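Accompanying notes for the structure given below.
In listed order, ligands and their atoms are each counted from 1. These figures come from a predicted structure and were not determined experimentally. Heavy-atom basis, side chains included; hydrogens, waters and symmetry copies ignored.
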Amino acid sequence: MSKKAFLIDISECVGCGACYEACKEQNNLPKTSDDPLRDTLSDKTYTIVEQRGDYYVRVMCKHCEEPTCVSVCPVGAFTKTDIGAVLYDESKCLGCRYCMQACPFQIPRYEWGSLTPRVQKCIMCYDRVREGNLPACAEACPTGATMFGDRDEMIKLAKQKLAENPDKYYQHIYGLEEVGGTSVLYISPVPFEQLGFNTKLIKTALPNFTHEALSKIPTLVTVGGVLLTGFYWLTNRKNEIAREKFEERKNKRGEE
Ligand code: SF4
Ligand code: SF4
Ligand code: SF4
């Protein structure tokens with residue numbers, strides 16, 4: 001299957017929150033706010049719509065072309081799939097949360113309240129897309145502000161919109177080159193810095209730097225590996241104890 005991407009046209013977004021609601025429903029996520037525009041990203045909310053001045057901006061995982069969450073994860077819990085979606089495998093996760101530190105868009109969230117915590121974020125509705133459907137958020141958008149399709153087609157469409165409407169759009173496609181490119185592209189009527197986007201991000205894929213840096217400091221990598229193993233053991237032990245206590249309490253209740 002070809003590589004996919006979102007094209008988000010900020011000029012078309014009316015802040016209705018249909019994408020937010022559809023994501024909640026699709027992923028069986030509980031209600032976390034009465035007002036979609038006031039919610040924040042969390043382990044129970046994979047996308048939000050924020051009002052920034054006169055405009056509305058969707059926030060979600062950007063499914064980077066060369067994701068740092070993938071490159072920093074010491075056990076390969078994250079993978080970049082052929083369709084472009086960046087997925088997470090909880091069975092491999094150590095709980096080190098390097099992915100959260102490394103993400104240039106501060107996206108992954110952790111299930112702090114869980115006995116067996118996982119990292120959570122948008123998964124590009126991977127199963128739906130694989131079956132030939134649109135992601136739930138794109139399907140729900142009533143205005144065409146959230147579009148989805150082949151990445152090449154989305155880039156072509158974005159360029160066409162900018163060329164045909166030079167007065168309507170600021171002449172930049174955010175995500176085309178930032179951090180080596182992403183699978184969530186934005187076009188906007190105003191400069192992206194006015195909307196709070198990080199416009200200082202480099203054009204080179206960040207994993208190039210992490211690989212280069214790590215290869216130059218083998219000692220640190222070794223020490224880091226030892227520390228991680230210890231951390232993994234501690235996290236697992238903590239979870240085991242919590243589980244044992246939970247079982248104990250359950251058994252006690254059963255005896256009463
Ligand atoms: S936005 Fe962050 S979490 Fe999403 S793919 Fe890029 S680095 Fe990974
Ligand atoms: S692609 Fe799916 S998981 Fe991601 S924000 Fe849209 S509905 Fe949610
Ligand atoms: S559904 Fe479309 S118009 Fe409504 S908030 Fe989401 S992106 Fe904007």
Side-chain angles (χ1 to χ4, degrees), residues 4-29 35-39 41-52 55-73 76-81 83-88 93 97-110 119-131 133-149 174-175 178-188 197-198 201 205-207 209-210:
K4 307 290 179 191
F6 286 93
L7 173 58
I8 297 182
D9 184 343
I10 294 168
S11 72
E12 300 293 342
C13 181
V14 293
C16 65
C19 49
Y20 165 95
E21 300 291 356
C23 181
K24 289 267 179 189
E25 198 181 325
Q26 173 68 28
N27 295 293
N28 289 319
L29 296 169
D35 182 356
L37 292 177
R38 288 182 188 278
D39 209 351
L41 280 190
S42 72
D43 58 319
K44 298 176 184 64
T45 305
Y46 304 163
T47 185
I48 51 169
V49 185
E50 286 184 349
Q51 180 157 17
R52 299 187 188 171
Y55 300 99
Y56 301 98
V57 176
R58 278 197 68 189
V59 181
M60 60 200 282
C61 171
K62 307 289 185 280
H63 299 280
C64 305
E65 286 290 273
E66 297 193 52
T68 37
C69 56
V70 173
S71 70
V72 299
C73 179
F78 281 89
T79 35
K80 174 84 176 166
T81 60
I83 66 164
V86 174
L87 301 186
Y88 161 81
C93 181
R97 303 186 291 280
Y98 280 8
C99 52
M100 295 169 66
Q101 300 296 324
C103 173
F105 301 103
Q106 295 89 45
I107 296 296
R109 294 295 191 271
Y110 199 57
V119 174
Q120 296 288 9
K121 66 169 200 70
C122 158
I123 53 164
M124 203 193 254
C125 284
Y126 181 76
D127 291 339
R128 284 180 64 111
V129 174
R130 271 249 158 258
E131 285 162 14
N133 300 312
L134 287 173
C137 55
E139 189 173 85
C141 179
T143 65
T146 293
M147 292 164 278
F148 186 83
Y174 190 94
E178 280 77 8
V179 296
T182 68
S183 308
V184 181
L185 309 163
Y186 293 86
I187 50 175
S188 159
F197 283 66
N198 184 349
L201 288 171
L206 293 173
F209 290 99
T210 50

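The distance from ligand 2 to the heavy atoms of Pro135 drops below 4.0 Å at these ligand atoms: 1 (S). Remark: ligand 3 atoms within the under-4.0 Å shell around heavy atoms of Thr143 are 3 (S). For ligand 3, the atoms sitting less than 4.0 Å from at least one non-hydrogen atom of Arg58 are 7 (S), numbered in the order shown with element in parentheses. Counting atoms of ligand 2 from 1 in the listed order, those under 4.0 Å from a heavy atom of Asn27 are 3 (S), 8 (Fe). Numbered from 1 in the order shown, with element, the atoms of ligand 3 that lie under 4.0 Å from a heavy atom of Val14 read 3 (S), 8 (Fe). Within ligand 3, the atoms closer than 4.0 Å to a non-hydrogen atom of Gly15 are 5 (S), 8 (Fe), numbered from 1 in the order shown. Near Cys69, with a cut-off below 4.0 Å to any heavy atom, the atoms of ligand 1 are 3 (S), 5 (S), 7 (S), 8 (Fe). Within ligand 2, counting atoms from 1 as listed, the ones closer than 4.0 Å to a heavy atom of Thr47 are 5 (S).
The ring of Phe197 has its center closer than 6.0 angstrom to the ring center of Tyr186.
Ion pairing between a basic and an acidic side chain is recognised when a charged N comes within 4.0 Å of a carboxylate O; Glu66 and Lys80 show no such pairing. Taking 4.0 Å as the cut-off between side-chain N and carboxylate O, Lys62 and Glu178 do not count as a salt-bridged pair.
Closest to atom 5 (S) of ligand 1, if we only count protein heavy atoms, is Cys64 N, 3.4 Å. The nearest heavy-atom contact from the protein to atom 4 (Fe) of ligand 3 is Cys16 SG, 2.2 Å. Nearest protein heavy-atom neighbour of atom 1 (S) of ligand 1: Lys62 N, 3.4 Å. Atom 6 (Fe) of ligand 3 has as its closest protein heavy atom Cys19 SG, 2.4 Å. In this structure, the protein non-hydrogen atom closest to atom 8 (Fe) of ligand 3 is Cys13 SG, 2.3 Å. The shortest contact between atom 7 (S) of ligand 3 and any protein heavy atom is with Thr146 OG1, 3.3 Å.
Closest heavy-atom contact between Pro108 and Val119: CB-CG1, 3.6 Å.
Using a 4.5 Å cut-off on side-chain heavy atoms (C-beta onward), Glu139 and Arg128 make contact. Tyr88 is not listed as a side-chain neighbour of Lys121, based on a closest heavy-atom distance of 4.5 Å or more. When side chains are defined from C-beta on, Tyr55 does not count as touching Ser188, because their heavy atoms never get closer than 4.5 Å.
Atom 2 (Fe) of ligand 3 has an N, O or S atom of Cys141 under 2.8 Å away, backbone or side chain. For residue Cys103, an N/O/S atom approaches atom 2 (Fe) of ligand 1 to within less than 2.8 Å. Atom 6 (Fe) of ligand 1 has no N, O or S atom of Cys61 under 2.8 Å away, backbone or side chain.
Ligand 2 has no atom lying under 4.0 Å from any heavy atom of Glu139. The shell of residues lying under 4.0 angstrom from ligand 3, judged by heavy atoms, excludes Ala140. Heavy-atom distances between Ala102 and ligand 1 stay at or above 4.0 Å for every pair. By the 4.0 Å heavy-atom criterion, Gln26 is excluded from the residues contacting ligand 2. Distances from ligand 3 to the non-hydrogen atoms of Pro36 include no value under 4.0 Å.
Contacts of Lys121 with ligand 1, taken as heavy-atom pairs under 4.0 Å, involve the side chain alone. Heavy atoms of Phe148 found under 4.0 angstrom from ligand 2: none, in either backbone or side chain. Contacts between Cys23 and ligand 2, counted as non-hydrogen atom pairs separated by less than 4.0 Å, involve both the backbone and the side chain. Under 4.0 Å from ligand 1, the heavy atoms of Pro108 that appear belong solely to its side chain.
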